[in-house]
Amino acid sequence: MSVKPHWIPLESNPEVMTKYIHTLGVPNKWHFVDVLGLDDELLGMISKPVVALIVLFPKGDKMKSAEEEMCAKIEKEGQEVSGSVYFMKQTIGNACGTIGVLHAVLNNQNENDFKLAGIISEFADKTKGMDGAARGACLENDAGICEAHSSSAQEGQTQAPAAEDKVSAHFITLVNVEGSLYELDGRKPAPINHGKTSPENFLKDAAGVCKKIMAIDPSEVNFNIMALTGGEPLF
């Protein structure tokens with residue numbers, strides 16, 4: 001029985017994540033910022049355009065139970081998922097941060113001012129047309145992304161845990177693809193379609209999904225949300 005590889009977890013830190021995506025080959029215009037709150041006033045402080053949210057939250061028993069119920073409901077009732085959604089499975093322990101980043105970037109690679117280069121462009125070309133499992137397996141053998149991840153994992157404000165450590169916190173990504181808001185989680189069987197959205201309403205709609213996730217276990221306060229934006233800072 002093969003042992004799955006493990007990476008050192010990434011810290012939910014906009015500066016670290018921004019440097020990471022620029023190392024991978026994302027244009028310098030694009031960067032991560034903290035989402036300080038989910039009400040309209042605080043969302044309004046984030047410069048536009050916002051093309052993705054990356055959410056970090058602890059996966060306690062209530063969260064796991066709710067996710068299992070949602071996946072079972074989708075399996076029974078079905079859902080519409082665009083073939084344009086770039087989705088990959090997580091086959092590497094503690095790699096959810098990198099998979100969150102890849103989901104955020106590669107679901108926007110055809111947008112204006114999002115011309116990719118270098119490591120991430122090569123990975124996009126290599127995995128084009130693959131299913132989620134094949135993309136996850138491909139990531140295991142991508143030396144460029146592995147090296148960039150390892151370097152970024154050492155740059156957070158807190159001491160990085162060991163690669164083999166079990167980490168309860170988990171990253172997911174929210175994106176707009178062809179007018180639908182998708183939740184992308186490499187631990188789930190498939191993308192989850194949360195309904196219609198638009199570039200103009202994406203941030204508010206995605207914040208609504210975040211509120212629903214947070215409401216699953218109101219006693220849990222350790223949530224962190226970052227937005228991928230191409231706008232200039234407002235302050």
Side-chain angles (χ1 to χ4, degrees), residues 17 21 26 30 32-33 35 38-40 43-44 46-57 59 63 66-90 96-116 120 123-124 127-136 170-216 223 225-231:
M17 290 295 206
I21 62 173
V26 175
W30 297 94
F32 286 101
V33 298
V35 177
L38 298 175
D39 59 49
D40 289 345
L43 293 176
I46 302 172
S47 58
K48 308 299 188 297
V50 173
V51 297
L53 293 187
I54 293 185
V55 187
L56 178 70
F57 59 92
K59 297 195 76 169
M63 195 69 67
E67 290 179 348
E68 289 171 359
E69 289 179 11
M70 176 181 288
C71 289
K73 181 180 179 181
I74 290 173
E75 184 176 3
K76 180 179 179 181
E77 300 178 1
Q79 64 172 345
E80 291 186 10
V81 175
S82 168
S84 297
V85 176
Y86 187 100
F87 177 71
M88 63 188 304
K89 296 285 292 178
Q90 181 179 344
C96 56
T98 279
I99 290 173
V101 164
L102 294 175
H103 278 152
V105 171
L106 296 179
N107 279 291
N108 286 289
Q109 61 183 305
N110 297 318
E111 299 299 319
N112 292 333
D113 301 324
F114 226 105
K115 186 173 177 58
L116 303 179
I120 199 165
F123 186 79
T127 59
K128 185 177 182 180
M130 289 183 177
D131 63 18
R135 286 169 174 161
H170 185 64
F171 286 98
I172 64 169
T173 302
L174 300 173
V175 293
N176 169 24
V177 178
E178 296 181 345
S180 291
L181 199 166
Y182 290 97
E183 173 188 336
L184 305 175
D185 179 349
R187 294 274 182 89
K188 291 190 173 75
I192 295 176
N193 188 338
H194 284 281
K196 297 300 181 183
T197 190
S198 66
E200 296 76 20
N201 295 327
F202 167 72
L203 180 57
K204 185 172 183 177
D205 292 340
V209 174
C210 292
K211 290 177 183 177
K212 291 179 181 179
I213 294 173
M214 295 169 74
I216 293 171
F223 283 79
I225 304 170
M226 295 180 295
L228 179 58
T229 172

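Starting from 1, each residue takes its place in the sequence as its number. Everything quoted here is computed from the prediction, not taken from an experiment.
Taking NZ of K196 as the reference point, atom CD of E178 lies at 9.0 Å (rounded to 0.5 Å). Taking CD1 of I213 as the start and CZ of F57 as the end, the distance is 5.5 Å to the nearest 0.5 Å. Between the CZ atom of R187 and the NE2 atom of H170 there is a distance of 5.5 Å, given to the nearest 0.5 Å.
No donor-acceptor pair under 3.5 Å is formed between the side chain of T127 and the backbone N or O of M130. At least one donor-acceptor pair under 3.5 Å links the side chain of Q79 to the backbone N or O of P191. Looking only at distances, no side-chain donor or acceptor of K204 sits under 3.5 Å from a matching main-chain atom of F202. At least one donor-acceptor pair closer than 3.5 Å links the side chain of N107 to the backbone N or O of Y86. Side-chain atoms of E75 do not come within 3.5 Å of backbone N or O of A72 as any donor-acceptor pair. Without hydrogens or angle criteria, T197 side chain to G179 main chain gives no donor-acceptor distance under 3.5 Å.
Residues L181 and L174 have side chains in contact (heavy-atom distance under 4.5 Å, counting atoms from C-beta outward). Using a 4.5 Å heavy-atom threshold, the side chains of L184 and V85 count as touching. Between L102 and F123, the closest side-chain pair of non-hydrogen atoms falls below 4.5 Å. A 4.5 Å side-chain heavy-atom check between Q109 and V105 finds every atom pair outside the cut-off. Contact of the L106 side chain with the L116 side chain is registered, since non-hydrogen atoms from C-beta on lie closer than 4.5 Å. Contact check for L203 versus L53: side-chain heavy atoms found under the 4.5 Å cut-off.
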Could you walk me through whether I120 and V101 pass the side-chain contact (heavy atoms from CB on, under 4.5 Å) test, one step at a time? CA-CA 11 Å; I120 199 165; V101 164; 5.5 Å; no

Could you check K188 against E183 for salt bridge (Lys or Arg N to Asp or Glu O under 4.0 Å), going step by step and ending with a plain yes or no? CA-CA 10 Å; K188 291 190 173 75; E183 173 188 336; 3.0 Å; yes

For I225 and L38, what are the C-alpha separation, side-chain angles and deciding distance, and is it a side-chain contact (heavy atoms from CB on, under 4.5 Å)? CA-CA 10 Å; I225 304 170; L38 298 175; 3.8 Å; yes

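A side chain to side chain contact (heavy atoms under 4.5 Å, CB included) with K73 is found for exactly one of M70, E77, K76, namely E77. Considering Y182, F171, F87 in turn, F87 is the only one that fulfils the ring pair (Phe, Tyr, Trp, His ring centres under 6.0 Å) rule with H103.
At a cut-off of 3.5 Å, with distance as the only test, no side-chain donor of D205 or H194 sits close to an acceptor on the other residue.
Residues V175 and A104 come closest through the heavy atom pair CG1-CA, 4.2 Å. Taking every heavy atom of both residues into account, P49 and G231 meet most closely at CD-N, 3.9 Å. The two residues G97 and M17 have their closest heavy-atom pair at O-CE, 4.3 Å. Pairing each heavy atom of Q90 with each of C96, the nearest pair is OE1-CB, 3.4 Å. Nearest heavy-atom pair across S198 and N176 is C-ND2, 3.7 Å. Taking all atoms of both residues into account, the shortest heavy-atom contact from D113 to W30 is O-NE1, 2.6 Å.
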